[in-house]
Colleague: 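My structure is below; once you've seen it, I'll send some questions.
Each chain gets a letter, A, B and so on, in the order the sequences are listed, and its residues count up from 1. What you see is a predicted model; the values in this text were computed from it and never measured.
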Number of protein chains: 2
Amino acid sequence: MSSANQVKKTGNIRAKSKVKILTAARTEFVLQGYRGATVQSIADRAELPKANILYYFKNKENIYHAVLEHTLQMWDEGIGDIEANEGPKVAIEKFIAAKVRMSFKHPEASKIYAMEIIQGAQHLKDYARTYQRQWVREKAKLFQQWIDSGEMVNVDPVHLIFLIWSATQHYADFETQILTIMNRADFEEDDVEQVIAFLCDIILRGCGLI
Amino acid sequence: MSSANQVKKTGNIRAKSKVKILTAARTEFVLQGYRGATVQSIADRAELPKANILYYFKNKENIYHAVLEHTLQMWDEGIGDIEANEGPKVAIEKFIAAKVRMSFKHPEASKIYAMEIIQGAQHLKDYARTYQRQWVREKAKLFQQWIDSGEMVNVDPVHLIFLIWSATQHYADFETQILTIMNRADFEEDDVEQVIAFLCDIILRGCGLI
DNA sequence: TAACCACCTGACCGGCTGGTTAATAATAAA
DNA sequence: TTTATTATTAACCAGCCGGTCAGGTGGTTA
């Protein structure tokens with residue numbers, strides 16, 4: 001008991017501090033990029049002394065890795081899933097909805113991920129090379145089966161996945177541009193469902209599913 | 001004559017050096033971000049002494065602004081145009097083709113633009129607020145007319161523009177991810193036309209134009 | 001020849017960077 | 001209480017940052 005208790009109590013302080021730091025770091029990395037975000041700026045945002053930051057994370061790269069790990073977790077969850085037995089229409093609908101909801105809920109995660117990829121994905125090459133590639137191949141095969149059985153129009157499954165990824169993530173990554181063009185200060189709850197409806201409508205029809 | 005000659009000759013050196021510097025800077029800014037790209041790293045890539053860089057551009061921000069200006073010019077050219085008298089099918093086809101070609105031809109421009117927007121578009125707020133917003137409104141009105149006259153299905157024109165923007169730019173910005181997933185080293189010429197064909201196919205059908 | 005001027009660059013500078021240390025405070029365990 | 005562990009932070013450091021400057025070079029004009 002004492003051992004478990006100790007771990008829990010000490011772990012609490014660690015955990016809380018780490019969350020505080022990572023939240024601040026995430027924002028700084030999005031706003032300033034990896035190099036532009038300084039340990040001092042992260043400390044200021046977290047309202048902690050700089051040395052305290054480096055007590056919990058050995059160095060700046062360490063902080064970034066932790067942020068990135070959380071980001072990939074979001075991406076995985078948000079990637080939705082495409083199940084074979086649902087048929088193409090429901091599968092694509094669910095997939096789009098999951099990705100759009102994730103974009104509106106965790107725009108910062110999407111932005112950090114996007115910046116990583118744009119800059120050459122040096123911190124997560126293996127992730128795409130192994131996990132993502134396999135995921136795409138698997139799901140593409142599923143789409144191909146639906147195409148072969150005449151359940152949907154003949155479109156390249158891999159590019160279809162790219163299309164859905166790009167269209168959904170756009171609302172997170174290009175938030176600023178979209179809001180400016182729509183002359184709005186923030187997104188509202190209605191927007192999420194409206195975007196889902198729009199994307200499902202046009203993409204499903206594009207796949208010959210409406 | 002002598003005056004014009006002098007201006008031309010001296011201008012030549014200036015122009016060549018500036019191009020050399022801006023090309024190197026563009027690459028550095030993409031790879032490292034604004035803060036991560038140092039004047040020294042730009043100098044190294046341009047194979048010039050650092051002081052020479054700062055002879056042609058007063059400071060680092062100046063270089064970035066020059067790069068950004070070039071980027072916006074690319075964006076403007078690549079934005080294609082949507083003409084009223086062509087009808088929706090041809091208009092959208094041309095629009096998609098122009099944007100895809102631009103993405104494959106100038107991925108760095110697209111990437112810099114994307115990073116600017118993701119980080120809050122602090123250097124080009126007015127651009128989106130005035131120029132882009134007006135462009136979108138104008139083109140949206142056009143789409144609406146086609147919808148009203150029954151020439152295309154009722155889809156939100158503004159979101160349609162966002163969809164086309166995101167889907168086309170994706171091939172520039174997420175180049176790394178796409179190549180990794182497709183298990184390829186580089187894009188080839190065929191890819192451009194294939195992507196255009198795919199996007200036109202699915203989006204035109206999505207708009208009820210096929 | 002002499003004066004001029006665009007071009008070039010090594011050497012330098014203050015300030016900020018990521019990171020260390022050592023001393024102290026708080027907390028938990030005995 | 002005593003002891004051990006964990007948490008905190010001011011002070012410090014070497015190195016790199018953007019940026020300046022003084023002193024060149026070589027070609028053109030008068």
Colleague: Starting from P on D:dG18, measure out to CD1 on B:Ile53 and report it in whole angstrom.
Modeller: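 Spelled out: CD1 on B:Ile53 to P on D:dG18 is 12 Å.
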Colleague: Have a look at A:Ala37 and say if it touches a base, only the backbone sugar-phosphate, or nothing, with a 4.0 Å heavy-atom cut-off.
Modeller: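 Contact class for A:Ala37: sugar-phosphate only.
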Colleague: Give a yes/no verdict on a cation-pi contact between A:Lys89 and A:Trp146, requiring under 6.0 Å between NZ or CZ and the six-membered ring centre and an angle within 45° of the axis.
Modeller: no
Colleague: Taking the six-membered ring where the residue is Trp, are the ring centres of B:Trp135 and B:Phe95 under 6.0 Å apart?
Modeller: yes
Colleague: Work out how much the helix from C:dT1-D:dA30 to C:dA30-D:dT1 bends between its end axes, five pairs an end, to the nearest 10 degrees.
Modeller: 0°
Colleague: Check this for me: A:Glu69, atom CD, are more than 12 non-hydrogen atoms of other residues, nucleotides or ligands nearer than 6.0 Å?
Modeller: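 At most 12 heavy atoms, drawn from other residues, nucleotides or ligands, come within 6.0 Å of this atom.
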Colleague: Which is more 5' along DNA chain D, the nucleotide nearest A:Leu48 or the one nearest A:Arg35? Just name the residue.
Modeller: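 Mapping each residue to its closest nucleotide by heavy atoms, the 5'-most match is A:Leu48.
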Colleague: Let's test your reading of the model: under 3.5 Å, does the base of C:dG19 pair with the side chain of A:Lys58 as donor and acceptor?
Modeller: no
Colleague: Of the options C:dT20, D:dT8, D:dG19, whose atoms approach the side-chain atoms of B:Leu54 most closely?
Modeller: D:dG19
Colleague: I need the A:Met182 CE to A:Phe187 CZ distance, nearest 0.5 Å.
Modeller: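 Those atoms lie 6.5 Å apart.
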Colleague: Which part of the nucleic acid does A:Phe57 contact within heavy-atom distance under 4.0 Å: base, sugar-phosphate only, or nothing?
Modeller: nothing
Colleague: What is the separation between atom CD on B:Glu28 and atom C1' on D:dG18, rounded to the nearest whole Å?
Modeller: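 The answer, rounded to whole Å, is 15 Å.
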Colleague: May I ask you to check whether B:Tyr171 and A:His159 place their ring centers less than 6.0 Å from one another?
Modeller: yes
Colleague: Just to verify, which of A:Tyr34, A:Tyr127, A:Tyr64 counts as forming a side-chain contact (heavy atoms from CB on, under 4.5 Å) with A:Glu116?
Modeller: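 For A:Glu116, the side-chain contact (heavy atoms from CB on, under 4.5 Å) test succeeds with only one of A:Tyr34, A:Tyr127, A:Tyr64, which is A:Tyr64.
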Colleague: Without decimals, in angstroms, what is the distance between B:Lys20 NZ and C:dC8 P?
Modeller: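 Going from B:Lys20 (NZ) to C:dC8 (P), I get 9 Å.
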Colleague: Given D:dG19, C:dT9, C:dT17, identify the nucleotide with an atom nearest to the side chain of A:Thr38.
Modeller: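 Nearest nucleotide to the side chain: C:dT17.
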Colleague: Give the nucleotide from the list D:dT8, C:dG19, C:dC8 with an atom nearest to the side chain of A:Tyr56.
Modeller: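 Nearest to the side chain of A:Tyr56 among the choices is D:dT8.
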Colleague: Does CD belonging to B:Gln134 count more than 12 external heavy atoms closer than 6.0 Å?
Modeller: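 Open.
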Colleague: Nearest to the A:Tyr55 side chain among C:dG18, D:dG18, D:dA7, which nucleotide is it?
Modeller: D:dA7
Colleague: Give the rounded distance in Å between these two atoms: CD1 of A:Ile21 and P of D:dT9.
Modeller: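 From A:Ile21 CD1 to D:dT9 P: 11 Å.
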Colleague: Could you check how far CD of A:Glu61 sits from P of C:dT17, rounded to whole Å?
Modeller: 18 Å
Colleague: Tell me the interatomic distance from B:Lys16, atom NZ, to C:dC7, atom P, rounded to whole angstroms.
Modeller: 13 Å
Colleague: For the side chain of B:Ile13, counting heavy atoms from C-beta on, which of C:dT17, C:dC7, D:dT9 is nearest?
Modeller: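 It is C:dC7.
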Colleague: Select base, sugar-phosphate, or nothing to describe what A:Asn52 touches, counting heavy atoms under 4.0 Å on all strands.
Modeller: base
Colleague: Starting at atom CZ of A:Phe29, determine the distance to atom P of C:dG18, rounded to an integer number of angstrom.
Modeller: 9 Å
Colleague: Using whole Å, what does the distance between atom P of nucleotide D:dC16 and atom CG of B:Asp44 come to?
Modeller: 13 Å
Colleague: Can you say whether a donor on the side chain of A:Lys50 sits under 3.5 Å from an acceptor on the base of C:dG18, or the other way round?
Modeller: yes
Colleague: Quick one: do B:Glu175 and B:Lys111 make a salt bridge, cutoff under 4.0 Å?
Modeller: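 Yes, B:Glu175 and B:Lys111 are salt-bridged.
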Colleague: So which nucleotide from C:dC7, C:dT21, C:dG18 ends up closest to the side chain of B:Arg14?
Modeller: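 Nearest to the side-chain atoms of B:Arg14, counting from C-beta on, is C:dC7.
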